[in-house]
Structures are given as structure tokens and as C-alpha cells.
Colleague: 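Sharing a structure with you now.
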Protein chains: 2
Amino acid sequence: MLTDRQLLILRAIIDDYIQTAQPVGSRTLSKRDDLTFSSATIRNDMADLEDMGLIEKPHTSAGRIPSEVGYRYYVDHLVEKQIIDERETGRLEERLKQSSKESEILIRQAADLLSDLTNYTTVALGPNSQSERLARVDFMPLDERRGVVLIVTDQGHVEHRTVMFESRVAPEVIEETIRLLNDRLVGTAIGQLKVRIGEEVAKLQLAQRQQYENMMQLIQSTVGIQTPSSLYLGGKKNIFNQPEFQTLDTLRPFLEWIDEQERLTHWLESLPNREIYVSIGSENGIVALQNCSVITSDYTLDGKTFGTIAMIGPTRMNYRHGVQMMGQIIEALRRTKLDE
Amino acid sequence: MLTDRQLLILRAIIDDYIQTAQPVGSRTLSKRDDLTFSSATIRNDMADLEDMGLIEKPHTSAGRIPSEVGYRYYVDHLVEKQIIDERETGRLEERLKQSSKESEILIRQAADLLSDLTNYTTVALGPNSQSERLARVDFMPLDERRGVVLIVTDQGHVEHRTVMFESRVAPEVIEETIRLLNDRLVGTAIGQLKVRIGEEVAKLQLAQRQQYENMMQLIQSTVGIQTPSSLYLGGKKNIFNQPEFQTLDTLRPFLEWIDEQERLTHWLESLPNREIYVSIGSENGIVALQNCSVITSDYTLDGKTFGTIAMIGPTRMNYRHGVQMMGQIIEALRRTKLDE
DNA sequence: TATTAGCACTCATATTTAACGAGTGCTAAT
DNA sequence: ATTAGCACTCGTTAAATATGAGTGCTAATA
């Protein structure tokens with residue numbers, strides 16, 4: 001168990017280190033207004049904190065830096081649950097409102113806003129259309145042999161794909177197929193469409209089947225291709241200002257990792273669904289991010305579940321401010337109305 | 001005017017420097033099989049080449065490196081017009097064919113291929129939809145107050161935008177408006193749509209105008225937003241392997257510049273239309289690219305004018321190979337059929 | 001018993017100095 | 001016209017040294 005003084009010292013070390021990125025020595029601490037003890041006393045406590053694994057020294061004659069365990073303790077015990085600052089949230093909401101009504105643009109704006117506020121890099125993942133429901137299917141012929149299949153979801157997202165016929169298909173067959181699909185499949189989750197179309201084909205009478213099977217299968221193959229959820233990266237440049245990323249050895253893995261859109265998407269999708277969650281250093285299990293911490297959260301837009309947003313900074317990130325800002329943005333997004 | 005020997009030496013210096021990234025000394029050159037002269041002789045010619053501004057020395061006791069003027073001379077006089085290697089082009093065509101029939105994906109694939117072949121970074125700009133022509137407009141109601149406007153171009157590109165009504169609009173009015181637009185505007189360049197809709201509104205009879213004006217203006221406002229041409233970046237990582245980008249001072253401006261999608265698009269769009277063009281060092285006028293050379297070219301896909309592709313590497317890039325590969329890729333794209 | 005002053009010791013970083021060697025330019029010989 | 005020879009330049013590397021921030025321990029103090 002930590003004494004009050006040790007707690008005070010731990011907190012001071014982390015706060016100081018977060019600001020300066022330099023190991024913190026006992027003498028520096030003793031000069032702080034909130035620490036009235038001599039450097040020797042502080043040294044003794046520091047030795048204890050080190051024994052407990054909360055802080056460590058880069059080498060004998062340096063000051064101490066927080067260990068990952070230390071950060072964990074700090075985040076869990078010393079970062080007070082933030083209360084939403086109404087004025088600030090209102091201001092953010094206002095800025096979001098001004099940008100656009102399009103959800104896509106709103107998300108981008110939110111990511112940019114968050115990285116501006118914190119000076120860290122932000123990744124925002126849009127809604128995964130797989131879970132949305134079919135509102136309508138339509139088909140537009142382009143010429144004799146090509147056409148566009150349109151899929152509209154209940155959330156107003158539209159996807160389209162150009163298809164090519166093997167041979168000419170009668171317009172009536174197309175029309176009838178589309179009508180059939182609309183009749184039977186509206187309300188189906190997009191992710192299930194492929195299977196459901198297969199089922200519908202199986203249900204067809206033999207006579208119908210010959211007519212519609214080709215067309216249906218064509219559509220089936222197009223909806224099978226899942227469009228990746230939209231991904232947006234904000235404030236990528238910010239990393240250049242972090243002292244721990246001033247060398248290529250650290251910078252390169254980070255940049256290479258963050259540029260791999262697909263992997264990034266999977267990673268965000270695989271995060272456990274929760275409100276704000278902080279992952280410290282190697283906790284995230286990603287080699288390229290071993291010196292980074294991540295604050296993630298699912299967010300809702302206009303009250304509806306939407307996607308995931310993540311803030312990535314060095315392990316030595318300002319957790320207090322980061323968590324606070326993340327909370328504000330999420331709240332602002334939640335309050336933003338898409339229509340009015 | 002350059003003597004034959006000076007030409008030989010200039011070429012050797014540049015070839016050598018392109019490979020090693022190290023200043024080239026007279027003794028190194030004299031050991032080459034194609035240079036039979038003594039180091040002293042070479043030194044004399046080097047001094048002349050330096051007087052002419054074709055090469056320069058980083059400091060007194062280093063070898064020589066090519067100047068921008070030198071590279072220019074090299075590219076203009078010493079890089080022979082490449083002849084398309086049929087076998088190689090065929091192989092590239094094959095690899096493109098395998099990836100997809102979707103133009104978007106083909107372009108990405110081409111960019112990736114080009115950067116793999118050269119180890120430089122590639123930027124590809126897709127077609128600018130502004131110049132394509134309207135094939136069809138359609139509207140899909142989502143609910144009482146929202147709907148999706150769909151715009152299909154003659155090239156098969158589809159764009160969609162969600163619109164919100166101020167008040168309820170009768171389905172017949174919507175239908176009629178769409179019919180009107182399709183009747184009158186099919187074939188119009190997308191870039192002109194906004195103006196043309198305005199003209200059509202003006203032509204309406206007073207009675208009609210009251211009915212349709214709102215709806216038309218709503219559509220007008222959506223087509224006014226121009227979607228940016230699709231941009232694709234390939235082989236961004238390659239820059240990390242270039243010795244001239246091993247320091248943050250050089251790396252950072254490059255990465256910051258290349259990540260600015262909008263600026264990149266404008267830059268590519270502003271390039272003069274031509275076949276293969278080489279811009280050396282500061283010639284491109286971009287501060288962040290002052291140590292880079294760029295090989296650009298417009299390309300056609302399936303014979304149709306399509307977009308622009310650019311290859312960015314250090315000034316010390318392998319121009320011969322770069323130009324050759326660019327030629328091959330462009331030819332392969334030209335031959336690729338979109339439908340069959 | 002808890003705190004603090006004092007001091008020897010450690011070790012990364014900065015500074016200085018010296019040695020090295022790749023490359024040049026010039027001169028004189030071929 | 002070409003080349004061998006040589007003094008000179010200057011960036012790079014390595015070793016030697018100095019600096020100083022910070023620690024751990026011990027003994028004095030409240």
C-alpha cells in the first residue's frame with residue numbers, strides 16, 4: 001500500500017515527466033511547491049516506488065521515469081472521473097454543426113478536432129454497414145451489357161457496384177428480379193444479404209428459377225464484396241513533434257503501421273465495445289505501438305451507435321487531458337443531430 | 001561543348017552516384033573498365049565539368065556529385081529513348097488483368113506495381129468526373145423528409161448524395177422533376193450540371209416553376225459539390241530506404257507534403273498534359289520536393305484518357321529505369337480492356 | 001522513529017585532441 | 001596531351017577528458 005506522500009510523489013513524477021519527457025530527479029521534485037520534503041526523503045520514497053515497480057530509472061545517474069505499471073496506477077487511481085464541461089462541449093458541438101450534416105464529414109471533423117485539441121494522432125472508424133439494414137435495391141442499366149446495382153441502407157448509406165452481363169438480359173427480367181428482392185429482403189442486415197439471396201433463389205419455382213437465377217446470382221456476387229468501413233486519420237503530423245519520435249527507429253514503425261489502412265481498420269473493429277478505454281504501452285499488443293498509449297471509445301452520432309474513435313500518443317501522453325477531450329468529443333457527437 | 005571523354009566521365013559519375021549515393025572520386029572512376037585514363041586525367045576533366053556546372057563537390061576533399069544541371073543533361077542526352085519491351089509489357093498487362101476490371105482498383109494496382117518495380121513512391125490520380133457526361137439522374141426516397149440523389153456518368157461512375165427536404169414534397173413532383181432532368185440534361189458534362197440546371201429552371205413556365213423550382217434547386221445544390229478525383233498513393237514506405245531521407249530534416253517535409261491529399265491532387269491536376277516528363281530537383285518548384293525528382297505522365301485506360309500518374313524519388317533517382325518502367329506501365333494500362 | 005544534511009560514487013553527455021584517409025590541385029616529367 | 005608525384009584540405013572516427021545530474025548510504029537531528 002502506498003503512503004500519502006508516496007502517492008503525491010508518484011503523481012508528481014508522472015505529471016512532470018509527461019510535461020518534460022525528461023527523467024525526474026529528487027532535487028527537482030523537492031523544489032515543487034506541493035512537495036515540502038527534502039530531496040533525501042523523496043529519494044527514499046522513490047526507492048520504495050521503484051521496488052513496487054511503479055517507476056524505474058533509465059540508468060544509475062538519471063532521474064526516474066514512470067513504468068507502464070506506474071502509468072496504469074496513475075490512470076486508474078489518479079485520473080479523476082472527468083465531469084463533462086458543458087460550455088466546452090457546447091463549443092465543440094457548435095464547431096461540428098458548422099462543418100456539415102453529412103455523417104462522413106462530421107466524423108472527419110471530429111477526428112481533426114480531437115487531434116487539434118490534444119496534439120496526438122486520431123483514428124476514426126465510420127459505421128460498419130454490415131449491420132445496417134437494406135432499405136432498397138435498385139438497378140440502372142448503363143448500356144447493353146453493363147449496369148449499376150444500388151443498395152441503400154436504412155441509415156441512408158448508398159453503395160453501388162457496376163456489373164457486367166455474360167449475355168443480354170431482358171429488361172422485364174431485371175425489373176422483376178429487383179421487385180422480388182425489394183419485396184422479400186428489405187430489412188435484412190447487409191452482412192446477411194448474400195446468404196439471404198441464396199435462400200430466395202432456392203425457394204424459386206423451377207420455371208422462375210431459370211429466368212431469375214442468373215440475375216440474382218449476379219447481384220449476390222456484388223453484395224458479397226464488403227465495402228470497408230470508412231476510416232479517417234487526423235493529425236498524423238503531430239507525431240513529428242513528440243520527442244520520443246525524433247529518431248527513425250521509433251518513427252518508422254509507427255508511420256508504417258498507421259499507413260496500413262486495412263490493418264488499422266481491423267484493429268479498431270476488434271477493440272472491445274466500451275466507453276472510454278485507455279491502453280498503455282505494450283498492453284495493446286502491437287509491436288509498432290509498444291511506446292504508445294491509446295485512448296479508444298465507441299461513439300454515437302445523433303444518438304445512434306456509429307463507430308470507434310481512437311487517440312494515439314506516446315506512452316508519456318497526457319492521460320488526464322486526453323480522456324477529458326475524448327469524453328467531450330463523444331458527448332458532442334452524441335448530441336449532434338443529423339437532420340433538423 | 002563536351003569532349004567524348006568528358007561525356008563518358010559525366011555519365012560514369014552520375015551512374016555511379018545513382019547507385020552508391022556517395023560522392024565519386026577520380027581514382028574510383030579510373031578503376032572502371034570503361035574508363036582507361038589515369039586518375040589525373042580524369043581529375044582535369046572533372047575540373048572542366050565542374051566549371052560548366054554539371055558536377056559539384058560537397059567539400060574540398062570529397063569526390064564529385066552531379067548538379068541539377070548535370071542530371072538535366074544526363075536525362076536529355078544520355079538516357080536513350082526507351083523502346084517498349086514487349087515481353088515485359090505483356091507481363092505487366094497480365095498482372096493488371098488479374099487484379100480486377102474495376103478501373104479504380106486497376107489504377108491502384110498500377111501504382112503499386114510501379115512502385116514495386118522502381119522502389120520509389122507513386123501517386124496516381126483517377127479520372128476527374130467533372131468532364132464525364134451525365135447518363136442518368138435518379139432519386140430514391142428514404143423517408144418522409146430525406147432521399148438520395150443518384151448521378152450516373154457515361155463512364156459508369158456513380159455518385160450519390162443524401163438530401164433533406166424543408167417540407168414534404170409530393171412523390172409526383174419528384175418523379176416529374178427527375179423525368180425533366182433526364183430528358184433535358186443527359187449528355188451534359190458533370191462540371192456544367194449546376195449551371196445547366198439553373199438554365200432549365202429559368203425556362204420553366206410560371207406555373208411549373210412554382211412546383212419544381214424547390215426540388216430542382218435542391219438537386220442543383222448537391223451536384224455543385226464536386227467530388228475530388230480519386231487519388232492513390234503507392235509505396236510510401238519506399239522513401240524510408242533512400243539514404244537521403246534518413247534524417248528527420250529531409251524526411252519530415254516529404255511525408256507532410258505527400259500526406260496532404262488535397263494539395264497533391266491539385267498539383268497533379270496542374271501538371272502540363274504530356275506523355276512522360278521528368279522534373280529534376282528544384283525544377284518542380286515545391287520546397288518539400290527540392291531534393292526529389294518526379295517522373296509524370298498522363299495515362300489512358302482501355303484507350304480512353306484517364307488520369308495522371310507520378311513517380312517520386314530522390315534527385316539521385318535511376319532515371320533510365322524509372323522512365324523505362326513508367327513507359328511500360330502506361331502502355332500496359334493503355335492496352336488493358338475494361339470490359340470483355 | 002522519521003527526516004534531513006552530507007558525501008562518495010556512477011554514468012550518460014559534451015568537449016577536446018589527435019590520427020586517419022579519401023580526394024583534390026598543381027607541377028614537372030614523359 | 002597525358003600521367004606520376006606530392007603537398008594540402010577537410011570531413012570522419014576514435015580516444016581521452018571533463019562535466020554534472022542524480023543516486024545510495026551514513027550519520028546527525030528533531
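Each chain gets a letter, A, B and so on, in the order the sequences are listed, and its residues count up from 1.
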Colleague: Among pairs that include at least one residue of residues 281-293 of chain A, which meet salt bridge (Lys or Arg N to Asp or Glu O under 4.0 Å), considering only residues two or more places apart or in two chains?
Modeller: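 Residue pairs passing salt bridge (Lys or Arg N to Asp or Glu O under 4.0 Å), neighbours aside: A/R72-A/E283.
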Colleague: Taking only N and O in the side chain of B/K57, is any of them less than 4.0 Å away from OP1 or OP2 of C/dG25?
Modeller: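 Checking B/K57 against C/dG25: at least one side-chain N or O falls below 4.0 Å of OP1 or OP2.
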Colleague: Answer whether the closest heavy-atom distance between the side chains of A/L35 and A/L8 falls below 4.5 Å.
Modeller: yes
Colleague: Could I get a table of every N or O pair under 3.5 Å where one atom is in the protein and the other is in nucleotides 8-11 of chain C?
Modeller:
| from | atom 1 | to | atom 2 | distance (Å) |
| --- | --- | --- | --- | --- |
| C/dC11 | OP1 | A/T60 | OG1 | 3.3 |
| C/dC11 | O2 | A/S61 | OG | 3.2 |

Colleague: Heavy atoms within less than 4.0 Å of DNA chain C: which residues of residues 11-22 of chain B have one? Give them sorted by number.
Modeller: none
Colleague: Partners of B/T89 by side-chain hydrogen bond (donor to acceptor under 3.5 Å, both in side chains), sequence neighbours excluded?
Modeller: B/Q328
Colleague: Is the distance between the ring centroids of B/F245 and B/F254 less than 6.0 Å?
Modeller: yes
Colleague: Mind checking side-chain hydrogen bond (donor to acceptor under 3.5 Å, both in side chains) for A/E244 and listing every partner two or more places apart, or none if nothing turns up?
Modeller: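 Applying side-chain hydrogen bond (donor to acceptor under 3.5 Å, both in side chains) to A/E244 gives A/R316.
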Colleague: Quick one: list whatever passes side-chain hydrogen bond (donor to acceptor under 3.5 Å, both in side chains) with A/T118, sequence neighbours left out.
Modeller: none
Colleague: Without decimals, in angstroms, what is the distance between A/E50 CD and D/dG22 C1'?
Modeller: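 That distance rounds to 12 Å.
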Colleague: Using the criterion of both pairing distances under 3.5 Å for Watson-Crick and G-U wobble pairs, give all stems of 3 or more consecutive pairs involving DNA chain C.
Modeller: C:1-30 with D:1-30
Colleague: Just say parallel, tilted or perpendicular for the rings of A/Y71 and A/Y319, cut-offs at 30° and 60°.
Modeller: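 A/Y71 and A/Y319: tilted rings.
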Colleague: Just jot down the side-chain hydrogen bond (donor to acceptor under 3.5 Å, both in side chains) partners of A/T60, sequence neighbours excluded, or say none.
Modeller: none
Colleague: Could you tell me which residues satisfy side chain to side chain contact (heavy atoms under 4.5 Å, CB included) with A/L268, sequence neighbours excluded, listed by chain and number?
Modeller: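 A/L268 satisfies side chain to side chain contact (heavy atoms under 4.5 Å, CB included) with A/V123, A/L125, A/L231, A/L271, A/T308, A/A310 only.
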Colleague: With a 3.5 Å cut-off and sequence neighbours excluded, list the donor-acceptor pairs that the side chains of residues 27-34 of chain A form with protein atoms.
Modeller:
| from | atom 1 | to | atom 2 | distance (Å) |
| --- | --- | --- | --- | --- |
| A/S30 | OG | A/R27 | O | 2.8 |
| A/R32 | NE | A/D34 | OD1 | 3.0 |
| A/R32 | NH2 | A/D34 | OD2 | 3.2 |

Colleague: Using a cutoff of under 3.5 Å, can you pull out all pairs of nitrogen or oxygen atoms linking the protein to nucleotides 3-5 of chain C, with atom names and distances?
Modeller:
| from | atom 1 | to | atom 2 | distance (Å) |
| --- | --- | --- | --- | --- |
| C/dT3 | OP1 | A/R5 | NH1 | 2.8 |
| C/dT3 | OP2 | A/R5 | NH1 | 3.3 |
| C/dT3 | OP2 | A/R5 | NH2 | 3.2 |
| C/dT4 | OP2 | A/S38 | N | 3.2 |
| C/dT4 | OP2 | A/T41 | OG1 | 2.4 |

Colleague: Using OP1 and OP2 only, check whether a side-chain N or O of B/R64 sits under 4.0 Å from C/dG25.
Modeller: yes
Colleague: Compile the donor-acceptor pairs under 3.5 Å between side chains in residues 16-25 of chain B and protein atoms, sequence neighbours left out, one pair per line.
Modeller:
| from | atom 1 | to | atom 2 | distance (Å) |
| --- | --- | --- | --- | --- |
| B/T20 | OG1 | B/D16 | O | 3.1 |
| B/T20 | OG1 | B/Q22 | N | 3.1 |

